[in-house]
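Worksheet: the structure to be examined is printed underneath.
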Amino acid sequence: MPAITLPDGSVRDFAEPVTGTTVAEAIGPGLAKAALAMQLDGAMMDLSRVIDRDAHIRFITRKDDAALELIRHDAAHVLAEAVQDLFPGTQVTIGPAIENGFYYDFARNAPFTPEDFPAIEAKMREIIAKRAKFVREEWDRQDAIAFFEARGEGFKAELIRDLPPSETITVYRQGEWLDLCRGPHMRDTGDIGQAFKLMKVAGAYWRGDHTRPMLSRIYATAWRDQKELDAHLLQLAEAEKRDHRRIGREMDLFHIQEEAVGSVFWHEKGWRLYRTVEAYMRRKLEAGGYGEVKTPQLVDRSLWEASGHWEKFREHMFIATVEDEDKTLALKPMNCPCHVQIFRQGLRSYRELPLRMAEFGSCHRYEPSGALHGIMRVRAFTQDDAHIFCTEEQIAPETVRFVDLLSGIYRDFGFSDFAVKFSDRPATRAGSDQVWDRAEAALKSACATAGVDYVLNPGEGAFYGPKLEFVLRDAIGRDWQCGTLQVDFVLPERLDAEYVTAESGRARPVMLHRAILGSFERFLGILIENYAGRFPLWLAPTQIVVATIVSDADEYAQEVASRLKKAGLAVITDLRNEKINAKIREHSLAHIPLILVVGRKEAEERTVAIRRLGGASQHVMGLDEALAMLVLEATPPDLERDA
RNA sequence: GCUGUCAUAGCUCAGGGGUAGAGCACCUCAUUGGUAAUGAGGAGGUCGAGGGUUCAAUUCCCUCUGACAGCACCA
């Protein structure tokens, strides 16, 4: 009869099979009250499930992170019941727990609107207050299909039909209402609590397939208690304040307008930021052994046909023609075919490999309108692109070298945390299995050498080779995929790139496609959001403002500004007839990192009062001393910082 | 691209079948002040574009364009 091992190692013997509830009660009334579900040998289960064999048990209480998923999943069921109660004829489909909450997809002729939310939420609270017990039932497959068909729940019936034959069909009841569900659930609807909120409605394709019907999805957030819910809502509000589109306007960095959808108008300050990043990258690439090139924007169709883009990528390409010439050209969506053209000029020797060819390549891609997002997802962008032409043996050392370069760059931009995804061979691919074996093995061993831990992303590689994707985490915990390293055996073949081997033979180089920032537009958007516009000094488009207290200090302020400017700092003066309070407030709101205040006293003593953004105090320094300090502080992180 | 929502002054937003309003920003004048808003005055809008209904449309209807959210896409 079951011997049940608790997390502390102690064992309880029971004379006959028992439910989780019984076990909890046997341990103590406190636990019996707190337990929401159990983990039996690691598998989450309802407390009502009978345990008839020896097992390790762990009870899930509200304190466990696992409780969040239970709360959210149960709340999804309650949402579905509420909706079917209020809107008869609505079909239920699926409703999983997701990060921060849950959603439920409904099939209904008229989609839901946020105006429906108050009624639905009220109904949900009603159902929760009833404390309806969750009851698990195992049904016969055919009976279940017939049942849901008879109710007009065609989507549910389809789900059951598609479940693998080995799967037990389970249904959960809560009061009068029931739903097909794998479970597990908590004891009753009351366990959900009140800390949830319906957030938004959205269309979503049935089973994520754009050829199938669009359903009406309701998103909600749910937490253990009101405090957690409030914290989450606050975080959403904070994230909105960081929105690069808002900051871009407020800081006068860029704009986008109707006549050039998906392209950025960089304003002076935004372009200064862009150039700072570009200059930094140029230095890093130079130091990293890359040579920079620049290739054409408009390239004849024939090259795209040869590269395979015309066949595989045409719908994403901008095509251009001219009246007087019978030619079709395309704006390049990628730089690789052009780089191969440079490689192909003249005979290449194995001695030149690895050959690292970098370009700040301006590309155009016709992205679907719904994909566009500020400067993060655009149709005209510049990649920090490079292709490394090398031998197969050089893949591993080049990968190590690349990861080293990339991690240093991310660190300099303030991202200490990044993750790596390893995407291996997809179902449809070019190249033999042996080549794939070699390419994947080379990448893996390179990761090991470089000390890179990766998560496997099975089957997600490019058709021509495996790839690494570098995902960085920003200041508020969001993930952004920026860097990539792709191994390519196909393009050198298609575009006939070759080099002379040590034995005077000819061989195909391997191409490594790689980017660190991804696109400048997107990366700058990430930087803006990561820093919420409060850039470190070396990146700030305007680094310093010299603000006067009285007009008697104007002349001195201009002298200060001019000396700072000569030292290479981005400085402006504020000599307006405004009170110093107003000036400080305005420049603080504009996120200028440093305000140098000068009044009569400073002008007489040749000092400046330095106030840092976010700081409440200021300190007074001699002008020469301040100048030296600021120049040092504004030095980009890759340059010498000698005092 | 799909579904939904939205589009009024530079920005944030109110309004509503009888040709529009606030706050901030902007301009002018007064004020020369010591670390997050000095005061007073002024100017500023084909109400996204096109069509329809109506005596009359910024308001109602249709189409288009764009934005936003999600889905699909991100080769």
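Just so we're on the same page: letters track the sequence lines, and every chain starts at 1. As the structure is a computational prediction, the values presented were derived from the model and not from experiment.
- A cation-pi arrangement is not found for A/Arg72 relative to A/Phe102, the charged atom failing to lie both closer than 6.0 Å to the ring centre and inside a 45° cone about the ring normal.
- Taking the C1' atoms as reference points, B/rU8 lies 9 Å from B/rC13, given to the whole Å.
- Here B/rA37 presents its P atom at 13 Å from CZ of A/Arg576, a figure rounded to the nearest Å.
- Within the structure, every side-chain polar atom (N or O) of A/Arg377 is placed at least 4.0 Å from both OP1 and OP2 of B/rC73.
- In this structure, A/Lys583 reaches neither bases nor backbone, as no heavy-atom distance under 4.0 Å exists between it and the strands shown.
- Taking only side-chain nitrogens and oxygens, A/His373 comes nearer than 4.0 Å to OP1 or OP2 of B/rA69.
- The interatomic distance linking A/Ile256 (CD1) with B/rG48 (P) rounds to 21 Å, in whole Å.
- Distance from the side chain of A/Ser369 is smallest for B/rG1 among the nucleotides B/rA36, B/rC74, B/rG1.
- The partner of B/rG50 is B/rC62, by the rule that a Watson-Crick or G-U pair needs both atom distances under 3.5 Å.
- In this model, the phosphate group of B/rA69 is approached by a side-chain N or O of A/Arg245 to a distance below 4.0 Å at OP1 or OP2.
- Aromatic pair A/Phe106/A/Tyr104: centroids less than 6.0 angstrom apart.
- A salt bridge links A/Arg207 to A/Glu158: at least one charged side-chain nitrogen sits closer than 4.0 Å to a carboxylate oxygen.
- For the C1' atom pair drawn from B/rA43 and B/rG21, the interatomic distance equals 16 Å after rounding to whole Å.
- With B/rG34, B/rC71, B/rU35 as the candidates, the nucleotide lying closest to the side chain of A/Ile549 is B/rG34.
- Using C1' as the reference atom, B/rC11 and B/rC2 are 32 Å apart when rounded to the nearest Å.
- Tested against A/His387 for a side chain to side chain donor-acceptor pair (under 3.5 Å), the candidates A/His339, A/Glu359, A/Gln486 yield a single pass: A/His339.
- Considering only side-chain atoms of A/Ser551, the nucleotide from B/rG70, B/rU32, B/rC73 that sits closest is B/rU32.
- Annotation: of the two residues near RNA chain B, A/Gly374 and A/Gly203, the 5′-most nearest-nucleotide partner is A/Gly374.
- For B/rA57, there is no paired nucleotide, since no Watson-Crick or G-U wobble pair has both relevant distances below 3.5 Å.
- At whole-Å resolution of the value, CG in A/Leu589 and C1' in B/rC24 are 11 Å apart.
- A/Gln257 comes within 4.0 angstrom of nothing in the nucleic acid, heavy atoms only.
- Here the side chain of A/Arg585 is nearest to one of B/rA67, B/rA36, B/rU35, namely B/rA36.
- Of the residues near RNA chain B, A/Glu586 and A/Gln618, the one whose nearest nucleotide (by heavy atom distance) lies more toward the 5' end is A/Glu586.
- The base of B/rA72 has none of its N or O atoms less than 3.5 Å from a complementary donor or acceptor on the side chain of A/Arg207.
- Pairing for B/rC73 is absent, judged as Watson-Crick or G-U wobble with the two contacts each under 3.5 Å.
- Candidate nucleotides B/rG1, B/rU65, B/rU38 were compared by shortest atom distance to the side chain of A/Glu258, and B/rU65 ranks first.
- Pairing for B/rC24 is with B/rG10, a Watson-Crick or G-U wobble pair whose two hydrogen-bonding atom distances lie under 3.5 Å.
- For A/Asn581 and B/rU35, the shortest distance from a side-chain N or O to OP1 or OP2 is not below 4.0 Å.
- Between A/Lys583 and A/Thr548, the side chains place a donor N or O and an acceptor N or O closer than 3.5 Å (distance only, hydrogens not considered).
- Taking atom C1' in both B/rG45 and B/rA25, one finds a spacing of 16 Å when rounded to whole Å.
- In the set B/rC71, B/rU35, B/rU3, the nucleotide with an atom closest to the side chain of A/Arg217 is B/rC71.
- Between the CD1 atom of A/Ile580 and the P atom of B/rA37 there is a distance of 12 Å, given to the nearest Å.
- With both ends at atom P, the span from B/rU38 to B/rC24 equals 12 Å, rounded to whole Å.
- The interatomic distance linking A/Gln481 (CD) with B/rC73 (P) rounds to 15 Å, in whole Å.
- Across all strands, A/Lys312 comes closer than 4.0 Å to no nucleic acid atom at all (heavy-atom distances).
- Within the shown strands, nothing qualifies as a pairing partner of B/rG45 under the Watson-Crick or G-U definition with both distances less than 3.5 Å.
- Atom CG in A/Leu613 sits about 18 Å away from atom P in B/rU35, given to the nearest Å.
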Task: Stepwise side-chain contact (heavy atoms from CB on, under 4.5 Å) test for A/Asn335 and A/Gln383 - done: CA-CA 9 Å; A/Asn335 306 299; A/Gln383 295 176 309; 3.1 Å; yes

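- Spacing between B/rG15 and B/rA22 at atom P, rounded to whole Å, works out to 15 Å.
- B/rG34 is unpaired under the Watson-Crick or G-U wobble criterion, no partner having all donor-acceptor distances under 3.5 Å.
- We find that OH of A/Tyr219 is positioned 5 Å from C1' of B/rG70, with the value rounded to whole Å.
- Taking the six-membered ring wherever Trp is involved, the centroid distance between the rings of A/Phe112 and A/Phe87 falls below 6.0 Å.
- Aromatic rings from A/Phe470 and A/Phe415 are positioned such that their centres are separated by 6.0 Å or more.
- Comparing B/rA67, B/rG33, B/rU35 against the side chain of A/Val597 picks out B/rU35 as the nearest.
- Which of B/rU35, B/rC73, B/rC2 sits closest to the side chain of A/Ala609 comes down to B/rU35.
- Although no hydrogens or angles enter the test, the distance criterion places a donor-acceptor pair under 3.5 Å between the side chain of A/Glu440 and the main chain of A/Arg425.
- Rounded to a whole angstrom, the distance from the C1' atom of B/rC6 to that of B/rU59 is 16 Å.
- As rounded to the nearest Å, B/rU54 and B/rC60 have C1' atoms that lie 10 Å from one another.
- With a 3.5 Å ceiling on both atom-pair distances, B/rU19 lacks any Watson-Crick or G-U wobble partner.
- Here the nucleotide nearest the side chain of A/Ala582, chosen from B/rA67, B/rA37, B/rC71, is B/rA37.
- The listed nucleotides are B/rA67, B/rA36, B/rG70; the one nearest the side chain of A/Leu372 is B/rA67.
- If you check B/rA67 for Watson-Crick or wobble pairing at under 3.5 angstrom, you find it paired to B/rU5.
- The separation between A/His587 atom NE2 and B/rU35 atom C1' is 12 Å, rounded to whole Å.
- On a pure distance criterion of 3.5 Å, a polar donor-acceptor pair joins the side chain of A/Glu602 and the base of B/rG34.
- The base of B/rG1 is paired with the side chain of A/Tyr205 by a donor and an acceptor separated by under 3.5 Å.
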